[in-house]
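On a predicted model such as this, the values are computed, not experimentally measured, just so you know. Atoms considered below: every heavy atom in the structure, side chains included; atoms not considered: hydrogens, waters and symmetry mates.
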Amino acid sequence: MSQAPKQKSPAQSNPLFELGKERLELIGKHADALMQGYLEGDVNELAFSQQALQKLLDSRVLFYPQEQSLRLRPIVNELIASLTQDERKRQINTDVGEHLDQIDTRVQSLQGARKKGDYAASEHHMQLLTERVNDMTGQFGDAIESLWHRLNTEFGFVSSLDDKILEIELAQRQLRRILDGFGIINFDDLIQLAGSDGALRKLLVSQLQARISEHSGSLLEVQKRLVLLMARFRQQQDRALLINRMSAFLRQHPNFQIGDYPNRSQVPAVINQAHGISPQAFIALDRAQDSYALAELARAVPREPEQNLQSETQTEGFVMAVQNLVATQQKQLAKDVEDFFIQVIESPQALSGVDYLAEQGLPWEPEMWLFQIVAEYQGLPEQNKHSFMLEKDSAQQSRFNQLHIIQDVTVGMRFFGDFQAAG
């Protein structure tokens, strides 16, 4: 019984499938010669037959630069460096602007396909959009991994201290470019671009923001390590510079001898860096023969002048006098307001507070006087407050607000008829 032929998947039916498979197999078939050319820089033409060499040239794996020998294409060279994590030749491209433009284009194509009802095209655009976002975050991850590799190795396989410092400065510039790439990503624009589509918001906002936050934390650790190593190498550079200059000085003065500085009376300032010793002494209270000297010393101890105490006493007295004066004026103001209410009780008509103040010639400010009348009225018991009738004459301060300024207060007695009208 014969078996039915195996059907190809949609990916295998794509014309690019066979072409890509053929060229990958071509690279794998000549992997030894290609890897040797990667390490040496030049590819040996004798390692290939004429037919294989022509296929590698047509497949854009090898090429002939101008007036140079056979070499690997830069993209193949970079592919091998990325696969082997060879930081000497590895280059990280973090062109965020190009990725964002591609994302915007893919989203517009996706939305256009959905409006037309072409679900196959929308799925295709969604797949390409996901790959583009993953490529952008993956390049950030590769760049950070490259920085870590540079920190954990010999800084680009350099041996001198100056070259190590230059490598750290190069890593700091690369870190700055990555941070600038983070700054280009505007999540407000991505939120507006995704709209109400849940899948797009998850891809362009939540997942992307989580990855960027993770990469930012890794960059912070890299930056701390760079600053620590830079400070350490700068310190080593200073010490090495001091030793080199001292060595050069000794070569110029072979008969130089270091002097015995501790036994010299005149020590140079650059050597004499010790601080002076402060002598300490304590009183021996158990020596009776020194009691007279101790008493003289106690008398010689300076005392605080008495003028300060007198000054403090005078200040306190002045403050108390001011407080007493204010309290006296407050009592007099309250007494004058009580006289005003007594006059209201005795008068058959209501009295104006401002007119009463002018008639009696009292020394109070009108504002203070009216405030005290209102306060006295509000402080009366409820049964006594109903016996008086208080009216405020106020005017609006400005037409732009509801602030009213009280200009006068009229106080009068309520009679039996008023209570009945109020009831």
For a 4.5 angstrom cut-off between non-hydrogen side-chain atoms, does [X] reach [Y]?
X      : Y      : answer
Gln223 : Leu175 : yes
Thr410 : Leu390 : no
Thr130 : Asn134 : yes
Leu110 : Leu128 : no

Check against side chain to side chain contact (heavy atoms under 4.5 Å, CB included), Val411 and Met389: CA-CA 6 Å; Val411 183; Met389 179 176 55; over 6 Å; no
Rounded to the nearest 0.5 Å, what's the gap from [atom1] on [X] to [atom2] on [Y]? Could you check?
X      : Y      : atom1 : atom2 : result
Asp180 : Ile184 : CG    : CD1   : 7.0 Å
Phe340 : Gln360 : CZ    : CD    : 10.0 Å
Ser387 : Leu380 : OG    : CG    : 9.0 Å
Leu62  : Leu34  : CG    : CG    : 6.0 Å
Arg177 : Gln172 : CZ    : CD    : 12.0 Å
His124 : Leu129 : NE2   : CG    : 11.5 Å

Taking every non-hydrogen atom, the tightest pair across [X] and [Y]:
X      : Y      : result
Ala194 : Leu204 : CB-CD1, 4.5 Å
Val205 : Ile191 : CG2-CG1, 3.7 Å
Val43  : Gly37  : CG2-CA, 4.0 Å
Ala113 : Ser122 : CB-N, 3.8 Å

If you look only at distance, which donor and acceptor atoms sit under 3.5 Å apart when one is on a side chain in residues 207-220 and the other is two or more places apart or in another chain?
{"from": "Ser213", "atom 1": "OG", "to": "Gln209", "atom 2": "O", "distance (Å)": "2.9"}
{"from": "His215", "atom 1": "NE2", "to": "Thr137", "atom 2": "O", "distance (Å)": "3.3"}
{"from": "Ser216", "atom 1": "OG", "to": "Ile212", "atom 2": "O", "distance (Å)": "2.8"}
{"from": "Ser218", "atom 1": "OG", "to": "Glu214", "atom 2": "O", "distance (Å)": "3.3"}

Side chain to side chain contact (heavy atoms under 4.5 Å, CB included) between Gln343 and Leu351, intermediate numbers included: CA-CA 8 Å; Gln343 185 68 27; Leu351 296 181; 3.5 Å; yes
Short side-chain to backbone donor-acceptor contact, [X] and [Y], under 3.5 Å:
X      : Y      : answer
Arg201 : Gly195 : yes
Ser347 : Gln349 : yes
Asp408 : Val354 : yes

Salt bridge (Lys or Arg N to Asp or Glu O under 4.0 Å) contacts in which one or both residues fall within residues 338-361, not counting sequence neighbours: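 Pairs touching residues 338-361 that pass the test: Lys335-Asp339.
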ring-ring contact (aromatic ring centres under 6.0 Å, His included) against Phe388, all qualifying residues, sequence neighbours excluded: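 Phe341.
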ring-ring contact (aromatic ring centres under 6.0 Å, His included) against Tyr377, all qualifying residues, sequence neighbours excluded: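 Not a single residue meets the ring-ring contact (aromatic ring centres under 6.0 Å, His included) criterion with Tyr377.
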Determine all donor-acceptor pairs shorter than 3.5 Å in which one atom belongs to a side chain in residues 236-251; sequence neighbours excluded.
{"from": "Gln237", "atom 1": "OE1", "to": "Arg234", "atom 2": "NH1", "distance (Å)": "3.1"}
{"from": "Gln237", "atom 1": "NE2", "to": "Asp162", "atom 2": "OD1", "distance (Å)": "2.8"}
{"from": "Asn244", "atom 1": "ND2", "to": "Ala240", "atom 2": "O", "distance (Å)": "3.1"}
{"from": "Ser247", "atom 1": "OG", "to": "Arg251", "atom 2": "NH1", "distance (Å)": "2.8"}

CA sep, side-chain torsions, deciding dist, call: Met230, Glu169, side chain to side chain contact (heavy atoms under 4.5 Å, CB included): CA-CA 8 Å; Met230 178 63 79; Glu169 292 177 350; 3.7 Å; yes
Listed pairs under 3.5 Å, donor-acceptor, residues 362-372 side chains, sequence neighbours left out:
{"from": "Trp364", "atom 1": "NE1", "to": "Asp336", "atom 2": "OD2", "distance (Å)": "2.8"}
{"from": "Trp369", "atom 1": "NE1", "to": "Gly353", "atom 2": "O", "distance (Å)": "3.0"}

Matching residue for Asp104 among Gln102, Arg106, Gln108 - test: side chain to side chain donor-acceptor pair (under 3.5 Å):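 It is Gln108, the one option of Gln102, Arg106, Gln108 that forms the side chain to side chain donor-acceptor pair (under 3.5 Å) with Asp104.
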Full working for side chain to side chain contact (heavy atoms under 4.5 Å, CB included) between Leu200 and Leu190: CA-CA 9 Å; Leu200 287 179; Leu190 292 178; over 6 Å; no
